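Since the structure comes first, as C-alpha cells, the remarks are kept for the end.
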Amino acid sequence: MTEKKTPLLDELEKGKWPSFVTEIKRAAVKSEAAGELLQVLERSYEERRGHWKHGGIVGVRGYGGGVIGRYVDEPETYPNVAEFHTIRINQPSGFFYNTKTLRTICDLWEKHGSGLTNMHGSTGDIVLLGCKTEHIQPIFDDYSEAGFDLGGSGSCLRTTNCCVGPGRCEYACYDTLEACYNITNEFMDELHRPMWPYKSKIKFSGCANDCTGSIARSDISVIGTWRDSLRIDQDAVKEYAAKKFDIQGRVCDKCPTSCLKFNNETQELTVIAEDCTRCMHCINMMPKAIQAGKEKGATILIGGKSTIVQSAFMSSVVVPFMKMEVEDDFEEFKDLVRRIWEWWDENGKTRERIGETIFRLGMGKFLRETEIPTVPQQVFRPRANPYVFWQQDDLDKSGTALDGSKL
Amino acid sequence: MTEKKTPLLDELEKGKWPSFVTEIKRAAVKSEAAGELLQVLERSYEERRGHWKHGGIVGVRGYGGGVIGRYVDEPETYPNVAEFHTIRINQPSGFFYNTKTLRTICDLWEKHGSGLTNMHGSTGDIVLLGCKTEHIQPIFDDYSEAGFDLGGSGSCLRTTNCCVGPGRCEYACYDTLEACYNITNEFMDELHRPMWPYKSKIKFSGCANDCTGSIARSDISVIGTWRDSLRIDQDAVKEYAAKKFDIQGRVCDKCPTSCLKFNNETQELTVIAEDCTRCMHCINMMPKAIQAGKEKGATILIGGKSTIVQSAFMSSVVVPFMKMEVEDDFEEFKDLVRRIWEWWDENGKTRERIGETIFRLGMGKFLRETEIPTVPQQVFRPRANPYVFWQQDDLDKSGTALDGSKL
Amino acid sequence: MAKLDQGPPNYKEMLPPIIKENYGTWRYHEIPRSGVLKHVSESGAALYSVRVATPRLVSIDFIRDVCTLADDYCDGFLRWTTRNNIEFLVSDEAKVNPLIDTLTAKGLCVGGTGAAISNIIHTQGWVHCHTPATDASGVVKAVMDDLYEYFDSMKLPAKLKMGLACCLNMCGSTHCSDIGIVGVHRTPPRIDHEKIRKGTEIPTLVASCPTGAIRPDPKNKSVIVNEDKCMYCGNCYTMSPAMEIYDPKNDGIAILIGGKVSNARSAPSFSRMVIPFLPNNPPRWPEVTDAIRDILELWIANAQRGERLGEWIERIGWERFFSLSGLPFSDMLIDDYIFARETFRTSAGFKF
Amino acid sequence: MAKLDQGPPNYKEMLPPIIKENYGTWRYHEIPRSGVLKHVSESGAALYSVRVATPRLVSIDFIRDVCTLADDYCDGFLRWTTRNNIEFLVSDEAKVNPLIDTLTAKGLCVGGTGAAISNIIHTQGWVHCHTPATDASGVVKAVMDDLYEYFDSMKLPAKLKMGLACCLNMCGSTHCSDIGIVGVHRTPPRIDHEKIRKGTEIPTLVASCPTGAIRPDPKNKSVIVNEDKCMYCGNCYTMSPAMEIYDPKNDGIAILIGGKVSNARSAPSFSRMVIPFLPNNPPRWPEVTDAIRDILELWIANAQRGERLGEWIERIGWERFFSLSGLPFSDMLIDDYIFARETFRTSAGFKF
C-alpha cells in the first residue's frame with residue numbers, strides 16, 4: 001500500500017456521518033488498487049476534475065452486459081487502477097440478506113477485486129467496484145457457482161427492483177418480492193443480452209407511496225392498488241382522536257379528493273369510496289385505523305426516465321388495474337410487457353427510451369398497436385386540439401364529390 | 001330578387017333565438033347579392049359543404065390589408081356573389097356607438113354593398129360582408145370621409161380591442177378605452193401595412209376577469225391589476241352577511257391562496273395582502289364590499305393564440321406590473337412592444353406567431369434580447385432540467401487544461 | 001381623396017352623458033333581473049344596461065331598428081359586447097321596463113347576464129368561409145333555440161360561454177370556451193392536378209402545410225399529399241382551389257369543453273375534446289344540440305354553486321366526467337400533437 | 001463452468017423467521033423512536049427495524065462488521081434500503097436498545113425515519129465516473145455532516161429526500177428529490193484532433209450528441225462542435241477520450257428542489273432548479289452545504305406540519321419562495337428545453 005498523503009480526503013474522515021474515505025482506506029489495507037484509488041481521488045480533489053475514462057468493451061462469456069469498463073486516464077502513473085471495472089450482481093428481492101450470503105459476497109470480492117462495493121447501485125444491483133479485465137470471467141464463475149447472477153447494463157432490461165412489500169409492510173397490495181423474483185427470472189435473456197433501442201427498467205412498488213420511485217425512474221412502473229373501498233376501523237379512529245391526533249386537519253383536509261369525512265360528534269371517519277384515488281395519504285397518517293381494500297392488484301404505468309436525452313419523463317397510466325397473482329404466474333403482466341417491448345423494439349430509435357418513443361409517435365398509436373384498451377384513466381385530461389389523425393378505414397368513403405369523382 | 005325557395009334555411013326562422021336567415025332575407029329585399037347568398041347557403045345546407053374560395057388579392061390604395069377577398073366557386077351560377085369581399089372597419093373602443101354613427105355605417109353600406117354585416121368580427125372589427133371588387137376603393141373613400149378607417153388583415157398588427165373599462169366597469173384598473181385608442185393610433189403603419197412573420201394581436205382587459213380573452217387570444221395581453229392591497233368596506237361586508245350571503249363558502253373557501261379570512265363573530269373580512277394574486281374572484285362575488293387597490297397598472301403577458309399551427313398557446317407573463325397612464329401617453333408600453341416586435345421580426349419564421357418563436361428559441365433568449373428583466377413571476381415554476389445554455393462570456397476562461405492548452 | 005391612417009372613430013364621441021360624467025368612478029354593479037346590469041357610480045348615478053341577443057350576422061335594417069330603440073330609450077347611445085350582444089344604455093330607470101316590454105314585443109331576446117349562457121361567439125361557416133367543415137350561424141341558432149331557457153334566466157351553476165369555429169383552425173375563442181363547437185374535416189384534400197398545373201405556385205402550396213404533408217411531384221408538375229401526416233386543416237385549399245378539402249360524408253363537428261379565459265380562482269384554461277365527431281345534420285343539427293344539452297344538464301345536476309363547467313370537471317376528474325356522462329372515451333381523445341405529454345396521467349391516483 | 005441465467009438469489013432464503021411467519025399479514029407500524037420502525041402483524045408479532053446510515057461506498061470489512069452485529073442481535077438477518085441504509089431486523093424487543101447502544105458505541109448513525117433526512121442517493125463522482133462535474137461521496141459526506149441533526153431526529157415538517165448526480169444526466173433520483181444536487185459542466189468539450197484521428201469512430205461520435213451539436217469535419221478528419229447547441233452533457237466523452245469535457249474552473253453544482261416520487265396527496269413531481277451554479281470547493285463544499293441549510297431552515301420556519309418542501313413551495317408559489325429565500329432569479333432558471341412551455345406562467349394571478 002502506498003504511503004502517500006491525502007490531506008484533502010482526510011478532512012472527510014471528520015464529522016458524524018460515516019466516511020467513504022475511511023472505507024477506501026480500510027480496503028486499501030488489503031488492496032493496492034484501493035490504495036491507488038485514494039491517490040487518484042486526492043488528485044481529483046486537488047484539481048477539481050475526474051480521472052476516469054470509459055473504454056473498451058469488457059464482459060463475460062454468454063452475456064452482453066453486467067460489467068462496466070473503467071480505466072484511469074494516466075495508467076502509467078496508476079498501474080493498479082489502469083483497469084478498474086465494475087461488476088453488477090443482481091440483488092435479492094427487497095435487499096434482504098442473511099449474513100452467510102453477505103460473507104460469501106465479501107469473500108469472493110476479497111479474492112478477486114478491490115474490496116470496495118456499493119450497497120447498492122441506484123438501480124438495485126450489488127456493485128463490485130474495481131477489478132482488472134483478466135479477473136472478470138473468474139469473478140463471474142465464482143459468483144455463479146455461489147448462486148449469484150449478473151445484473152443488466154447496456155440496451156437491455158436493467159436489473160429489476162422492488163420495495164420491501166409483504167415482507168415487512170402492511171401497505172403492500174401485491175407480492176412485490178415474488179413478482180420481482182419471478183418476472184426477473186422470466187426475462188433472463190432480455191436482462192443479460194442487450195438487444196433493444198436503449199435500456200428498459202421495471203420497478204415494483206406495493207402501493208402508491210412508490211418507495212422504489214417507479215413512476216419517476218422506470219420505464220414500466222407497477223404500483224400496488226385496490227379496486228374496492230379502503231377499510232376503516234372505527235375503534236382505532238377513536239383511539240387516534242383520543243390521543244388528540246388532528247384527524248380533520250392532518251387527514252381529511254389534506255385528502256386530494258375530499259372523500260374522507262370525520263364526524264366530530266360520533267368520532268367516526270367515513271369514506272366516499274368512489275371518490276378515493278388511493279393516494280395513500282390517509283393510510284400513511286393513520287396506519288392503525290385505515291387499510292387498503294380487499295380487491296388488490298396494480299396499476300401499470302409506462303415511460304418514466306431521468307433527464308438525458310429528451311428531459312425527464314414520468315410514467316403515465318396504461319392499465320388502471322391488473323391482478324398481480326402469484327397463482328397465475330403473473331401471466332397477464334408478462335404478456336403485456338412482451339407486447340410493449342416488441343412495439344418499442346420495432347418503433348424506437350437508438351437511445352430512445354420507450355416514453356420518448358410514445359411521445360414521438362403518439363399514445364393513441366401505441367395503445368392501438370399494443371392492443372391496450374383506451375380508458376380515460378390514461379390521461380389527466382383529453383386533448384385540447386382537434387388534430388385527430390383519423391383512421392381513414394373507419395370513415396364513410398362511399399360518397400362522391402360534386403364533380404363525380406370518388407371522394 | 002330571386003324567388004327561389006329555401007326550405008332548409010326557412011327552418012332556421014323558427015324558434016326564439018334571433019335568426020340570421022331572417023337577416024339575410026331582409027338584406028335580400030334591397031340586394032341581389034344578399035338574395036343570391038341565400039341560394040348559395042341553401043345549397044350548402046342541401047349538400048353539407050361550403051361554396052366559397054379564397055382568391056386574388058384585393059385592397060385599397062396605400063394599405064396592405066383590411067379587405068378579405070372572397071369568391072363563389074360557381075360564378076356563372078351565382079354572378080351577383082362571384083365577388084363577395086369582406087371589408088374590416090376599425091370599431092370604436094369598447095364597441096360604444098351613438099346612433100348617428102351607426103346610421104352612417106348603414107347608409108354607406110347600403111350604397112355600396114350587400115347590406116349584411118357582422119357586429120362584430122371576433123377580433124373586433126365592424127365587418128361589412130359582401131361587395132364587389134370595383135366597389136372596394138369607393139367604399140373606403142366614403143367611410144374614410146365619414147371618419148372611419150380600415151382594420152387589419154394579413155401579417156400585421158390586427159385591429160386592437162378592449163373591454164368596456166372605466167366607461168362602465170368598476171373593476172377597470174387602467175383606462176382600457178383610451179389605451180386602445182391611443183395605442184392603435186400610434187401603430188397605424190403596423191396595422192395597415194403587413195410586414196411581419198405573421199399576425200400580431202393586442203387586447204386590453206381592465207382586470208383579471210379578462211373579458212376580451214386577451215391571455216387566450218392575443219399575442220400581447222394587457223391585464224389591469226394593482227400592486228397594493230385590495231380594499232374592503234366592512235359595512236358592506238356586514239350587509240352581505242345580513243342578507244345570508246355565504247361569505248365563507250362562496251368567497252373565502254374559493255380563494256386560490258386562502259388569503260381572505262371571515263370572522264363570523266365580528267362579521268369582518270380581512271385579507272393577507274401579500275398572499276393575494278388579484279384573481280378577482282372575491283371582488284366578483286362581493287363588488288359592493290371589495291375593491292381593487294389604489295396603485296393600479298397592468299400585467300403584460302405575451303404569446304397567446306389559437307390552434308393553428310403549433311397548438312393553442314396562452315400568453316405568459318413578461319412584465320408583472322407596468323403603469324398604464326394616459327398622462328405619459330403609454331410610453332413604457334409602446335417602447336416595450338416596439339422591442340418585442342423588432343425581436344420577433346428578426347427571429348420569427350413565416351407564419352410563426354411570437355409565442356411560437358419564443359417557444360422555439362427560448363424564453364431566456366427572448367428576455368435577454370428584448371432587455372426585459374427576468375423575474376420569477378414569469379414562470380409557474382423554474383426549469384426541471386439542468387440544460388442551461390450558459391453564456392460563455394460570463395464564465396472564467398482563465399484556466400488552462402492539464403495538457404497546457406487554453407480551456 | 002381618402003385620409004390614410006386616421007384610425008378608429010374616437011370612442012369619446014360615442015359615450016352617453018352619464019358615462020362621461022361618471023367615467024372611471026363606477027362603484028359597484030348588480031343584476032336586478034336577467035338581462036339587466038345596474039352600475040352605480042360614486043356620485044350615486046345609476047346606469048342600466050339592457051342586454052339583447054343578436055345573431056351577429058345582421059342586416060343594416062336591423063341596426064337601424066336598434067337605433068330607433070336607442071333613440072327612444074337611451075338618448076341615442078348603445079354598445080355591443082364581445083359576445084355579439086347589444087347593450088342599451090339606459091340612464092333613466094323609468095325607461096328600463098318600457099324598453100324591455102318593447103323589445104319583447106318585437107321578439108328581441110333579453111338575457112345573457114350572470115349565471116346564464118351569453119351568446120355563442122362564432123365564425124362564418126358556409127355563409128362566407130372558404131374552408132368550413134360545418135355551418136356556423138345555423139348551428140348557433142339551433143343550439144340557442146334549444147337552450148333558450150338558460151339565456152333568459154340565471155339558473156345555471158355559473159356562467160357558460162360557448163364558441164363555435166367552423167374548421168380545425170379554431171378561430172374565435174373556441175379553444176378556451178366552456179363549450180366549444182368545432183367543425184372538423186376528417187379526410188385529406190383531393191388534388192385536382194389539372195388545376196394545379198394551370199395556376200398554382202407549387203412552392204407556396206408546399207409551404208402552406210403545417211405538418212409538411214405536401215411535397216412537390218415534379219414529374220407530374222403537381223404535388224403529392226402524405227396522407228399519414230395530413231391533419232385536415234384545409235390550409236392548402238387557401239393556397240389553391242385545386243386542393244378541395246370539404247367532404248360532405250365525413251365533415252362534421254367535435255365538441256370540446258371546460259375551457260375559460262378568466263383568471264378568477266384559476267388560470268385561463270383550454271377546452272378539451274370530449275366528443276370527436278358528430279355528423280352535420282342541417283338545418284337543425286339534432287345530434288349536436290342533444291349532446292350539448294346532455295353535458296349542460298349533467299353539469300347543472302352535479303356542480304357546486306359558482307362552479308364553471310371546467311372547474312366542476314377538474315374537481316371530480318375527467319375520468320369521472322366520462323363515467324357520469326356515458327360518453328365513450330377513445331384514443332381519438334388522447335392528445336398526440338406537440339404538447340401531448342402534459343396530458344398523460346403521470347400518477348397512480350385516479351378514480352375507477 | 002458458470003451457470004448462465006440462474007437469476008438473483010431467492011429472496012425467500014434471506015427472510016428471517018418472523019417475516020416468513022407473518023408474510024403479508026402485517027397490520028400496522030409505528031416509529032417508537034428515531035431510527036426504529038416497529039411493524040406489528042395480525043398475529044401480534046412485532047418486528048423492529050433499526051435503521052443505520054452507510055456511505056454507500058463501503059469496504060467488505062464494513063459489511064463483515066455489520067454481519068457480526070446482525071448475527072449478535074438479529075439471528076443473522078438484515079436488509080438494505082433503496083436509500084443505502086442498513087436495517088437490522090430485530091425480532092426480540094429486548095435486543096433493540098442493546099443493539100442501538102452497540103451501534104452508537106461503534107460510531108454508526110441510527111436515524112433516517114419519519115420526518116427526517118434519510119440518506120442521500122448518489123452517484124460515483126470522481127471515485128469512478130467518466131464524466132463527473134463534481135464528486136458525489138464527498139459532497140454527500142459534507143452535506144450530511146452539516147445536517148446530521150435532521151438525520152437522527154424527526155423534527156422536520158415532513159420527510160426530506162435528497163439525491164445527488166455528478167453530471168447533467170441526473171442519474172439516481174435527483175430529478176424527483178426534495179433537494180437535488182447536480183454536478184454541471186458549463187463549457188463545451190475540447191477536441192483533441194490528434195486523438196480523434198488516431199482512434200475515434202466519427203459517425204458514432206457524431207450520433208452520440210443529444211442536440212446534434214457535433215458534425216464531421218472531413219477536411220480535418222475530425223469533428224466540429226457547434227458551441228451554441230452544446231449543453232455540456234459529456235456524452236461525447238463517453239464515445240471518445242478526445243472530447244474532454246471537465247473544466248475545473250467552470251464545473252460545479254446546481255441545486256434543484258421540490259420534487260417527490262410518492263403519489264400521496266399529489267402526483268409525483270420533478271425537482272426545479274433554484275440555484276444554477278455553485279463552485280466546486282472540495283473537500284467540504286461550504287457554498288453547497290450553506291445553500292442547502294438555508295433552504296432547509298426556510299422550509300422548517302414556514303411550512304405547515306406534514307408539508308414536504310415542494311408542497312410548501314407550490315402552496316406559497318415559486319415567486320414567493322424566491323422572495324423569501326433571497327435567492328436570485330435569472331433567465332438561467334427559466335426552461336428553454338423541450339417541455340419549457342408548461343413552465344411559463346399563463347396567468348395574471350401571481351404574488352409580487
Side-chain angles (χ1 to χ4, degrees), chain C residues 82 158-159 161 163 170 172-178 180 210-212 256-273 306-311 313-322 334-352, chain D residues 82 158-159 161 163 170 172-178 180 210-212 256-273 306-311 313-322 334-352:
Chain C
T82 49
K159 67 176 82 170
K161 295 187 174 180
M170 291 176 80
S173 66
T174 41
H175 63 301
C176 294
S177 296
D178 293 285
T211 62
L256 292 84
I257 69 173
K260 70 174 184 113
V261 301
S262 160
N263 295 269
R265 297 176 300 285
S266 56
S269 60
F270 295 125
S271 313
R272 303 279 163 183
M273 187 184 281
E307 210 169 36
R308 288 182 68 167
L309 181 55
E311 290 175 296
I313 298 175
E314 286 287 333
R315 176 171 61 80
I316 65 167
W318 287 87
E319 74 276 30
R320 171 60 53 81
F321 170 79
F322 279 94
I334 300 182
D335 197 356
D336 51 11
Y337 201 49
I338 300 174
F339 300 105
R341 200 188 69 156
E342 65 200 50
T343 67
F344 300 163
R345 188 184 301 270
T346 54
S347 165
F350 54 80
K351 298 176 184 175
F352 283 114
Chain D
T82 50
K159 68 176 81 169
K161 295 187 174 181
M170 291 175 80
S173 68
T174 41
H175 64 302
C176 294
S177 297
D178 293 286
T211 63
L256 292 85
I257 69 174
K260 70 174 185 115
V261 300
S262 160
N263 295 268
R265 297 178 298 287
S266 55
S269 60
F270 294 125
S271 314
R272 303 279 164 184
M273 187 183 282
E307 209 170 37
R308 287 182 68 169
L309 181 56
E311 291 175 296
I313 298 174
E314 286 286 333
R315 175 171 60 81
I316 66 168
W318 287 87
E319 72 277 31
R320 171 60 53 80
F321 169 79
F322 279 96
I334 300 181
D335 198 357
D336 51 11
Y337 201 50
I338 300 173
F339 300 104
R341 200 188 68 157
E342 64 200 51
T343 68
F344 300 164
R345 188 184 299 272
T346 55
S347 165
F350 54 80
K351 297 176 184 175
F352 283 115

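Below, chain A is the first sequence line, B the second, and so on; all start at residue 1. Only heavy atoms go into these numbers, but all of them, side chains included; no hydrogens, no water, no symmetry mates. Bear in mind that the values here come from a model prediction, so they are computed numbers and not experimental data.
Minimum interatomic distance between C:Ala267 and D:Ser347 (heavy atoms only, all atoms of both residues): CB-CB, 3.6 Å.
Within the model, atoms CG of C:Asn263 and OG1 of D:Thr346 stand 8.5 Å from one another, a figure rounded to the nearest 0.5 Å.
For C:Lys159, the NZ atom sits in a loose shell: 12 or fewer heavy atoms of surrounding residues, nucleotides or ligands are nearer than 6.0 Å.
Highest contact tally toward chain C, considering only D:Pro268, D:Ser266, D:Ala264, is held by D:Pro268 [criterion: heavy-atom pairs under 4.5 Å].
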